[in-house]
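See below for the structure under consideration.
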Amino acid sequence: MGRLFGTDGVRGLANRDLTAPLAMELSVAAARVLGEAGAFAGHRPVAVVGRDPRASGEFLEAAVVAGLASAGVDVLRLGVLPTPAVAHLTHALDADLGVMLSASHNPAPDNGIKFFDRSGFKLADDIEDRIEATLGQAWEPPTGAGVGRVREAHGAVEQYVAHLLSTLPVSLDGLKVVVDCAHGASCDVAPEALRRAGAEVITIGAAPDGLNINAGVGSTHLDALKAAVREHGADAGIANDGDADRCLAVTATGEEVDGDQIMAILALDLREAGRLADDTVVATVMSNLGFKLAMREAGLTVVETAVGDRYVLEAMKESGFNFGGEQSGHVIMLDHATTGDGVLTGLHLLAAMARLGRPLDELAKVMTRLPQVLINVRDVDKARAGSSPELSAAITEMETELGASGRVLIRPSGTEPMVRVMVEAASEDQARGVAERLAEVVRSALG
């Protein structure tokens, strides 16, 4: 059996992979492991629990709350809030543990559990491993006054919105914005924060029924946002995903602005304000080469990590950097948040427009996205991807062919018998041609 925790907590089909008993056991194990590690020393432990609006979150929240309380942890129920809000409030409310129930951009039948430490950061790998190892072990639960108490946390939305607004350098007066909440966790927070920041706000994807989260809306489905921006003559559109840790954008003419472009805009804005640590941005290997070339031309350093906002954050904390993210829209502004925050990112993107007095399509031209082609080669021996002489020779040959205006990335899947072939080049035709040739080499060398 593989590791239960992935790069973003425990995730799976709710009531099949992620069941109420498992959610309860994970919560008990988390409380026990943190208690044994000394995290609760000298005081009665407190946890905050939040969720996105998917239907399964209701019974899973009940299971998590029951598990924590049965292990002697007092619980504050935050209700429906974005993942970054739960992370922030864990620290702001002086809790010892934060728990978020969400499957992010996944469809409604899925769900997941993420744990945060008292500082609002995701638990370290070794702590997650200990939690997993503790599952099912015999233990002596508390009784009487030792059991945890459960109560509602009033004012959580207001407290988080106030935090978001406190980070803004300028108001958004004069901007008309469409925000797509993906029928998810940002339905209350995002429109409220934008309005109070001064923007005129049109909201879509803000009628969650427990089953429609991410369904044809949000950062993974931008067509509805593009249409709404054009219909209302808005200056920009902002799209979150189900738990609002991502942000993508749309220009006034309906053109997509991805995570790389958002990072490029915000990195230069931070540098201009003297607030970009070491003039460095942390990004993953999947960021477009155009982003890296633009940052280099602007005199900024790009530090690359493996795919996953977890690895971006680790590199930031390790070296003292304060800004990074992913092409998918996870943008981490470490001065203000401990995780990717889609609402925060959208606010600061709009603030850059307001401060500079320039439209989003013009700001996005700071970088030129090179054509990028991705081919998934299935049913091959991915373990040999890094050691095949035939594949290595082909990569070298094609990198030489592409020169400085392109690149090749071969990445084994973390969960499937598959190798991902990604090629960027000066033209779509060249990128596709090289990718298809390289995919054939992968099939013959690793098949």
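Just so you know, residue 1 is the first one in the sequence shown, and it goes up from there. Side-chain atoms are counted along with the backbone in the values below, which use heavy atoms only and exclude waters and symmetry mates.
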Should the heavy atoms of other residues, nucleotides or ligands under 6.0 Å from CZ of R149 be counted, would the total exceed 12? no
Quick check on H91: does its NE2 atom have over 12 non-hydrogen neighbours (other residues, nucleotides or ligands) under 6.0 Å away?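 It does not: H91 NE2 has 12 such atoms or fewer within range.
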[atom1]-[atom2] distance between [X] and [Y], expressed to the nearest 0.5 angstrom:
| X | Y | atom1 | atom2 | answer |
| --- | --- | --- | --- | --- |
| N15 | N111 | CG | CG | 10.5 Å |
| L347 | L172 | CG | CG | 6.5 Å |
| Q261 | F291 | CD | CZ | 11.0 Å |
| L409 | S287 | CG | OG | 11.0 Å |
| T338 | L313 | OG1 | CG | 7.5 Å |
| D241 | L248 | CG | CG | 8.5 Å |

Of all heavy-atom pairs between [X] and [Y], which one has the smallest distance, and what is that distance?
| X | Y | value |
| --- | --- | --- |
| A108 | G210 | CB-O, 4.2 Å |
| T305 | A315 | CG2-CB, 3.7 Å |
| A69 | V150 | CB-CG2, 4.1 Å |
| T284 | G308 | CG2-N, 4.0 Å |
| E256 | K226 | OE2-NZ, 2.8 Å |
| S405 | L289 | C-CD2, 4.0 Å |

Among D96, T90, V75, find the one that has a side chain to side chain contact (heavy atoms under 4.5 Å, CB included) with V48. T90
Please name the residue in the list V302, D279, D260 that meets the side chain to side chain contact (heavy atoms under 4.5 Å, CB included) test with M295.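 The option that passes is V302.
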Lys/Arg N to Asp/Glu carboxylate O, [X] vs [Y], below 4.0 Å:
| X | Y | value |
| --- | --- | --- |
| D309 | K122 | yes |
| D74 | R151 | no |
| R118 | D94 | yes |

Just distance, no hydrogens or angles: give the donor-acceptor pairs under 3.5 Å from side chains in residues 60-67, sequence neighbours left out.
residue: E61; atom: OE1; partner: R77; partner atom: NH2; Å: 3.2

Between L4 and I131, is a side-chain contact (heavy atoms from CB on, under 4.5 Å) present by the stated rule, with each step listed? CA-CA 10 Å; L4 187 62; I131 291 171; over 6 Å; no
So do the side chains of D117 and I127 get within less than 4.5 Å of each other, counting heavy atoms only? no
Do T83 and F116 pass the side-chain contact (heavy atoms from CB on, under 4.5 Å) test, and can you show the C-alpha distance, the side-chain angles, and the key distance before you say yes or no? CA-CA 10 Å; T83 289; F116 298 98; 3.7 Å; yes
Does a donor on one side chain and an acceptor on the other come within less than 3.5 Å for H221 and N214?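 No, no side-chain donor-acceptor contact under 3.5 Å.
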Check the pair H183, D209 against side chain to side chain donor-acceptor pair (under 3.5 Å), reporting the backbone distance first and the verdict last. CA-CA 8 Å; H183 297 310; D209 62 10; over 6 Å; no
For D125, the salt bridge (Lys or Arg N to Asp or Glu O under 4.0 Å) test, sequence neighbours excluded, returns R310
D52 vs S102, test: side chain to side chain donor-acceptor pair (under 3.5 Å). Steps then yes/no. CA-CA 6 Å; D52 71 24; S102 176; 2.7 Å; yes
Got a sec, which pairs hit ring pair (Phe, Tyr, Trp, His ring centres under 6.0 Å) with one end in residues 69-90, sequence neighbours left out? H88-Y160, H88-H163
H348 and H336 aromatic ring geometry - parallel, tilted or perpendicular at 30°/60° bounds: parallel
Applying the side-chain hydrogen bond (donor to acceptor under 3.5 Å, both in side chains) test to D243, which of R54, R51, K114 qualifies? K114
